[in-house]
Amino acid sequence: MGIISVLALKLRLYHLTLLIVGVLVSTIVVFQLYGLSSLRIHSVWDGNKLPIALPVEVSTVTNVMPNITYEKEADFDHELESDEDRSLRKGFHFEKRDINNSEVVNHEDGIYSFTQKRPKYAHDPKQKDREMENRYNIQGRVHDMQFASKGIRVKGVKNLDAGLVTSDLFVTREESSTVIGTQSVEMQPQNEKSLLLKTPLPVLNNESKIDTPNMRRKLVWPTLVTEMNSLLLQSFNSTMRPKWSSQRDRELLSAKLDIEKTRMISNSSGLYGPIFRDVSKFSRSYELMELKLKVYIYREGERPIFHQPKMRGLYASEGWFMKLMEGNKRFTVRDPRKAHLFYLPFSSQMLRVALSEQNLQSKQMEQYLERYVQLIAGKYRFWNRTEGTDHFLVACHDWASKITRQPMKNCIRSLCNANIAKGFRIGKDTTLPVTYIHSMMDPLKDLARKHPSEKSILAFFAGGMHGYLRPILLKHWENKEPDMKIFGPMTRDIEGKRIYREYMNSSKYCICARGYEVHTPRIVEAIFSGCVPVIISDNYVPPFFEVLNWEAFSVFVRERDIPRLRNILVSIPEEKYLALHLGVEKVQQHFKWHRVPVKYDLFHMILHSIWNNRLSQIRTR
């Protein structure tokens with residue numbers, strides 16, 4: 001009986017186990033059939049696009065951006081550009097918008113540069129608070145992207161997906177719950193085929209949406225002149241030690257100490273003190289440059305990209321410097337061991353021309369320069385000693401800043417496109433003036449000036465509608481005030497050019513508004529016309545910023561202050577205007593090309609800016 005009882009108990013346990021397993025299996029089946037749908041992960045779909053997984057606190061994305069035009073990094077398209085320059089553009093497939101027919105309703109909606117990156121170390125005690133406030137108070141879904149928007153209301157904006165490669169920019173400014181600001185996006189896909197979205201995007205309300213896969217936002221501000229001054233002072237501490245010391249380093253350090261000990265003087269022979277930051281130090285630095293500086297020019301590199309200057313047209317500055325530098329016997333040496341600086345004699349314009357025939361783009365141009373650096377680094381020991389910090393280049397093409405950013409990042413770069421928001425480093429790099437040369441034999445041709453009492457026009461501008469800013473300028477000031485002569489492009493014939501020069505000579509102030517890029521030849525044109533430049537180009541570092549006091553002979557206006565432009569100009573007292581005009585006349589000698597260079601002229605000023613920046617960074621081992 002005992003055995004039977006045990007067997008019966010085991011049988012009951014077996015049946016109970018089967019029952020429990022059956023219940024579990026049934027539960028799992030029911031869960032799979034009915035419960036999973038309520039717990040599944042939702043994806044965001046955009047039409048037929050692939051789903052986009054959203055991380056925590058990321059806005060949803062549903063709409064496709066309508067009618068957005070993408071274009072490669074645009075060339076600087078000046079209205080006086082030659083036919084040859086325009087024909088070269090055809091080798092690059094730019095998609096340009098017809099902005100002439102675009103209605104600009106809110107002037108700040110069109111301002112792209114207002115969203116450029118503000119350096120973290122710029123002096124602004126409230127910057128961190130603003131960043132934190134905007135970062136968490138902004139909530140954004142954006143749609144209906146147009147060139148400009150009408151009424152805009154917003155509660156805030158959030159950072160979107162963290163997958164974007166480059167600086168995708170966002171900024172707002174609130175006034176009585178209404179945002180006056182802009183949104184602008186620069187997108188570079190992971191495949192490195194760079195696309196710049198040039199269409200300024202308005203900040204819309206919190207109910208709108210935007211299709212922005214793999215996108216990240218950064219809150220940014222334009223860099224003002226006062227902040228640039230601070231960056232210049234801070235740059236003196238950002239130096240790199242060479243791998244081994246040399247006699248040339250000790251000579252440069254000696255010159256640097258000599259300059260720092262210079263006693264203060266108000267004026268120097270041939271110089272006008274007020275237009276300089278410190279005329280005594282500049283005078284001594286220039287004197288030591290003439291006594292000590294030696295430059296070695298690399299012979300490597302084939303024409304037409306190397307050693308073949310082009311001395312006419314919009315990008316002529318780089319050609320004139322190359323021609324005069326290679327023909328100079330005072331500063332150049334044949335023995336590289338005697339050199340303080342090493343010149344990389346390539347033309348960014350000719351690089352573009354040569355490679356455009358092969359339909360190559362900026363990435364291939366960058367790779368071309370990288371191979372050149374590898375060539376000289378493998379043949380000489382000088383590049384490797386300092387990693388290029390004692391090497392320099394002079395380049396005026398728009399793309400020069402981009403294509404030299406990596407292969408020549410440590411070099412002293414003298415660039416026309418001196419945009420602090422796009423990699424230009426104050427104190428290391430230096431700004432090359434844009435000088436449009438019409439005649440190689442006589443670069444000062446067609447220069448004429450009037451006395452201030454003969455200038456009856458308050459302000460003048462005429463030019464093509466390149467970029468986002470100029471249409472805004474015309475919207476506010478074309479045919480609005482009799483003393484504000486603000487026009488679109490003038491005819492390109494002889495009569496049109498004569499009228500252009502006459503307006504410039506008859507104006508107190510000449511508006512120098514940026515085009516596709518931050519630089520413009522109007523600054524130098526205005527100086528030679530005896531017209532005070534009014535520079536409207538956020539983040540632009542003016543030429544020779546290291547030594548010249550630009551506020552002594554020019555006026556800086558923020559892009560967002562265009563509606564107040566006339567009020568700003570008329571508020572300048574006559575005495576101040578006359579002082580500015582005198583500064584313009586005195587600074588002219590520093591922007592002149594001569595076939596045989598003369599003291600303090602443009603060739604020497606460019607070379608001195610490079611010498612100055614090398615001295616500011618010199619450190620011994």
Side-chain angles (χ1 to χ4, degrees), residues 74-92 94 96-102 310-317 319-320 349 353 396-398 416 433-450 454-467 469-471 473-475 477-480 482-517 519-531 533-534 536 591-593:
D75 279 320
F76 183 73
D77 216 354
H78 185 247
E79 67 279 1
L80 295 179
E81 134 183 278
S82 65
D83 293 336
E84 178 183 4
D85 290 333
R86 286 198 304 279
S87 65
L88 288 174
R89 292 183 189 279
K90 297 178 181 178
F92 295 82
F94 301 131
K96 297 183 179 178
R97 303 177 309 282
D98 180 9
I99 60 178
N100 294 322
N101 296 326
S102 300
K310 186 173 181 181
M311 302 178 69
R312 292 182 59 189
L314 184 61
Y315 308 115
S317 291
W320 272 82
Q349 181 183 9
V353 170
C396 198
H397 194 276
D398 297 3
C416 288
V434 186
T435 55
Y436 195 103
I437 302 299
H438 300 274
S439 172
M440 187 182 72
M441 300 302 296
D442 184 10
L444 303 181
K445 184 180 179 182
D446 296 331
L447 299 181
R449 296 181 294 274
K450 290 184 177 182
E454 301 178 82
K455 295 178 177 287
S456 57
I457 300 171
L458 177 64
F460 164 69
F461 172 85
M465 294 295 96
H466 310 315
L469 189 67
R470 296 181 185 181
L473 177 66
L474 263 67
K475 174 195 177 294
W477 295 112
E478 185 178 28
N479 299 322
K480 296 298 174 63
D483 58 354
M484 297 281 286
K485 304 299 182 183
I486 308 299
F487 308 109
M490 288 187 165
T491 58
R492 301 172 59 85
D493 56 15
I494 295 177
E495 179 63 14
K497 293 178 181 179
R498 184 195 66 79
I499 295 174
Y500 181 89
R501 290 193 298 270
E502 178 62 24
Y503 270 120
M504 194 165 256
N505 293 331
S506 302
S507 300
K508 289 184 175 182
Y509 300 97
C510 288
I511 309 302
C512 305
R514 62 167 291 164
Y516 289 124
E517 300 293 347
H519 56 300
T520 168
R522 283 179 184 78
I523 295 176
V524 176
E525 291 175 352
I527 289 173
F528 284 139
S529 299
C531 185
V534 178
I536 311 179
F591 289 89
K592 290 181 180 178
W593 290 112

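All residue numbers refer to positions in the sequence shown, counting from 1. Worth saying up front: this structure is predicted, and the values here are computed from it rather than measured.
R498 has a carboxylate O that lies under 4.0 Å from a charged side-chain N of E495, or vice versa, which qualifies the two as a salt bridge.
Residues M311 and W593 fail the side-chain proximity criterion, which asks for heavy atoms closer than 4.5 Å. With a 4.5 Å cut-off on side-chain heavy atoms, Y503 and I457 count as touching. Annotation: side chain of P433 is not in contact with side chain of I523 (no heavy-atom distance under 4.5 Å).
A donor-acceptor contact closer than 3.5 angstrom links the side chains of E502 and S506.
Side-chain N or O atoms of K480 include none that pairs as donor or acceptor with a backbone N or O of L474 at under 3.5 Å. Panel note: side chain R514, backbone H519; no donor-acceptor pair is recorded below 3.5 Å. In this structure, R522 contributes its side chain and I511 its backbone to no donor-acceptor pair below 3.5 Å.
Taking OG1 of T520 as the start and CD1 of I536 as the end, the distance is 11.0 Å to the nearest 0.5 Å. One finds the CG atom of L458 at 9.0 Å from the CD1 atom of I486 (value rounded to the nearest 0.5 Å). From K455, atom NZ reaches atom NZ of K450 across 7.5 Å, with rounding to the nearest 0.5 Å. A distance of 10.0 Å separates CZ of R501 from CD of E525, quoted to the nearest 0.5 Å. Rounded to the nearest 0.5 Å, atoms CG (N479) and CZ (F487) are 7.5 Å apart. Taking SG from C531 and CE from M504, the interatomic distance works out to 6.0 Å, rounded to the nearest 0.5 Å.
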Side chain to side chain contact (heavy atoms under 4.5 Å, CB included) between V524 and V434: does it pass, once the steps are laid out? CA-CA 7 Å; V524 176; V434 186; 5.8 Å; no

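Qualifying ring-ring contact (aromatic ring centres under 6.0 Å, His included) partners for F461, counting only residues two or more places apart in sequence or in other chains: none.
Heavy-atom minimum distance, Y436 versus P521: CB-CB, 4.4 Å. Y500 approaches A462 most closely through the heavy-atom pair CE1-O, 3.6 Å.
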